Amino acid sequence: MDWFMILKAFLVGGAICVIGQILIDKTKLTPARILVAFVTLGAILGGLGIYQYLIDFAGCGATVPLTGFGNLLSKGAISEVKDSGFIGAFIGGVKAASAGIASAVFFGYIASLISKPKIKKQ
Amino acid sequence: MKKIGKQTYKIDGDVSILSTACIAGPKEKAGPLSKFFDQTVDDEFWGEETWEKAESKFIKETAELAINKSGLPTNSIDFCFAGDLINQCTTSSFGLMNLNIPYFGVFGACSTFVETNLLGSSMIDGGFAQNVLCACSSHFCSAEKQFRFPLELGNQRPPSAQWTVTAAGASVLIKDGNGPFIRTLTPGKIVDMGIKDAANMGAAMAGAALDTLVTHFNDTGRTPDYYDMIFTGDLGYIGKDILIDLSRESGFDISNNYDDCGVLIFDKKTQDTHSGGSGCGCVASVFGGYIYNQLKSGQLKKILLIATGALTNALTTQQGQTIPGIAHAISIEV
């Protein structure tokens with residue numbers, strides 16, 4: 001097991017979450033806006049090819065947070081354009097992220113069948 | 001009823017608060033005011049399928065309890081004024097429909113409880129009623145779902161956010177009686193502080209509380225020391241501090257005999273509710289239990305109760321509108 005890789009993933013993934021926490025505590029941005037901002041930022045950095053350096057460095061530490069989802073959308077769109085032309089810009093993003101989207105819907109549905117929403121602890 | 005000053009009304013005869021009732025949820029039960037609630041419930045759903053149905057049950061049971069405690073037959077109640085935070089006040093209308101009492105749904109956000117008592121006592125003093133029921137409720141889960149985010153999202157609450165209280169409170173007002181008496185009414189104006197942050201309601205409502213407080217003192221010629229206690233509901237920690245500062249700047253120092261129902265209902269250290277409690281049910285249940293008990297026992301003889309509301313909904317917040325506030329005040333004397 002590559003312990004150094006695990007450490008890098010922890011540090012990068014953790015740093016992304018720290019940015020989110022600071023935005024919650026120090027700004028008036030709602031959680032929904034912060035999430036959208038993370039996806040958008042990931043898409044821009046992915047489209048410019050910058051996010052790939054972060055993935056090469058930290059693996060899941062960069063792909064699992066929401067910025068990784070944004071990166072996947074833009075990377076998928078760019079590569080599909082190469083295969084199918086202009087229409088690929090609309091196909092590629094969702095195609096690349098399809099496993100994540102479909103499993104979120106599927107497991108979300110399963111969770112709604114077997115559990116009940118609860119009050120927050122704090 | 002006689003108008004004094006700009007917007008304060010003095011009740012000519014006597015209007016008594018014959019009885020009150022309050023029922024609260026599990027988090028409120030764990031708080032410092034636990035022993036003052038008539039009843040507490042350990043499950044937010046209270047055996048119902050949805051939070052909205054549970055909230056209706058809170059207001060129904062609380063209203064029935066207040067009537068029972070008053071000893072009056074239900075059919076002798078002339079009017080019911082009730083409200084809550086849920087769209088179109090359906091919590092109150094669904095919860096109270098089987099009471100068979102002529103009903104007015106009232107919306108004043110978290111100021112609703114004092115608004116209902118203000119309207120009820122005017123009805124009695126104006127000769128339109130003998131006995132009036134006032135009731136209010138709020139529920140953390142139904143309010144969070146409607147005003148903020150789905151609970152399933154599990155997002156964090158910012159430090160300035162207040163915790164919507166899961167509780168209901170009710171009062172039965174009668175003509176004459178032996179007190180505690182509602183003596184003066186100061187209905188509030190809408191005041192917009194320009195705050196847009198739905199997670200900082202205390203700051204949004206503090207200006208309205210100040211306006212009503214200062215107007216009440218100017219109209220009546222009273223100063224803060226006329227009252228044993230001044231209570232607001234529910235500015236929370238942030239709004240309470242703002243109101244103390246603003247009222248001092250206006251020449252009224254309330255720091256010695258002032259507290260806020262949203263501050264009183266939870267323990268800041270152990271319950272981590274950030275800026276304290278809020279919701280129509282907060283001031284309603286704190287008044288119905290803790291404050292009313294002290295009036296009955298004579299520990300408090302004169303109080304000013306100011307309930308503050310944030311006149312907002314999920315849509316206006318999403319569209320970037322400001323959050324106007326309102327505050328209604330009634331003075332109660334033994």
Side-chain angles (χ1 to χ4, degrees), chain A residues 10-43 60-61 63-70 72-73 97 100-122, chain B residues 25-30 41-46 48-52 54-55 139-145 147-166 195-200 203-204 266-275 314 317-318 320 322-323:
Chain A
F10 173 77
L11 291 176
V12 170
I16 293 171
C17 295
V18 165
I19 294 169
Q21 188 65 51
I22 290 170
L23 290 175
I24 288 179
D25 288 347
K26 300 290 174 194
T27 70
K28 287 177 181 174
L29 289 172
T30 60
R33 288 187 175 190
I34 294 170
L35 297 180
V36 172
F38 271 41
V39 175
T40 311
L41 187 70
C60 286
T63 55
V64 172
L66 258 181
T67 41
F69 176 66
L72 206 55
L73 289 176
I101 296 170
S103 55
V105 172
F106 176 75
F107 291 113
Y109 178 66
I110 298 292
S112 76
L113 291 180
I114 60 173
S115 58
K116 216 175 172 186
K118 283 196 179 72
I119 192 167
K120 291 176 184 180
K121 293 283 179 215
Q122 56 172 292
Chain B
K27 195 175 182 87
E28 294 67 26
K29 182 185 180 182
V41 179
D42 288 320
D43 162 31
E44 282 86 12
F45 282 102
W46 200 351
E48 298 292 324
E49 285 173 340
T50 66
W51 292 316
E52 289 74 14
E55 193 184 334
H139 193 299
F140 176 81
C141 300
S142 61
E144 201 70 7
K145 175 175 156 186
F147 287 97
R148 295 175 189 95
F149 295 99
L151 282 164
E152 293 87 332
L153 185 62
N155 66 293
Q156 288 186 29
R157 300 164 57 250
S160 60
Q162 289 174 253
W163 185 279
T164 305
V165 165
T166 303
I195 303 268
K196 290 187 177 180
D197 184 0
N200 196 0
F266 294 121
D267 185 313
K268 192 177 172 68
K269 282 194 187 115
T270 58
Q271 295 193 289
D272 200 12
T273 51
H274 298 341
S275 192
T317 311
Q318 283 160 11
T322 54
I323 302 171

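Remember, predicted model here, so these are calculated numbers, not experimental data. Throughout, protein chains are lettered first and strands after them, A, B, ... in sequence-line order, and every chain is numbered starting at 1.
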Item to check | Shortest non-hydrogen contact from A:Pro117 toward B:Phe45 | outcome: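 Distance-wise, the nearest heavy atoms are O-CE1, 3.7 Å.
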Checklist entry - Nearest 0.5 Å, what's the NZ-SG distance between A:Lys118 and B:Cys141? => result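 Those atoms lie 11.0 Å apart.
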Checklist entry - So what's closer than 4.5 Å to chain B heavy atoms on A:Lys116: side chain, backbone, both or neither? => result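 Only the side chain of A:Lys116 comes within 4.5 Å of chain B.
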Next on the checklist: Given heavy-atom pairs under 4.5 angstrom as the criterion, report whether the side chain, backbone, both or neither of A:Ala32 touches chain B.
Outcome noted: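 Both backbone and side chain of A:Ala32 come within 4.5 Å of chain B.
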Next on the checklist: Go through it in stages, so that I can follow the logic: the residues are B:Trp51 and A:Ile119, the test is side chain to side chain contact (heavy atoms under 4.5 Å, CB included), and I'd like the CA-CA distance, side-chain angles, deciding distance and then a yes or no.
Outcome noted: CA-CA 10 Å; B:Trp51 292 316; A:Ile119 192 167; over 6 Å; no
Checklist entry - Does the side chain of B:Lys196 come within less than 4.5 Å of A:Lys28's, by heavy atoms? => result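 With C-beta onward as the side chain, the pair stays apart.
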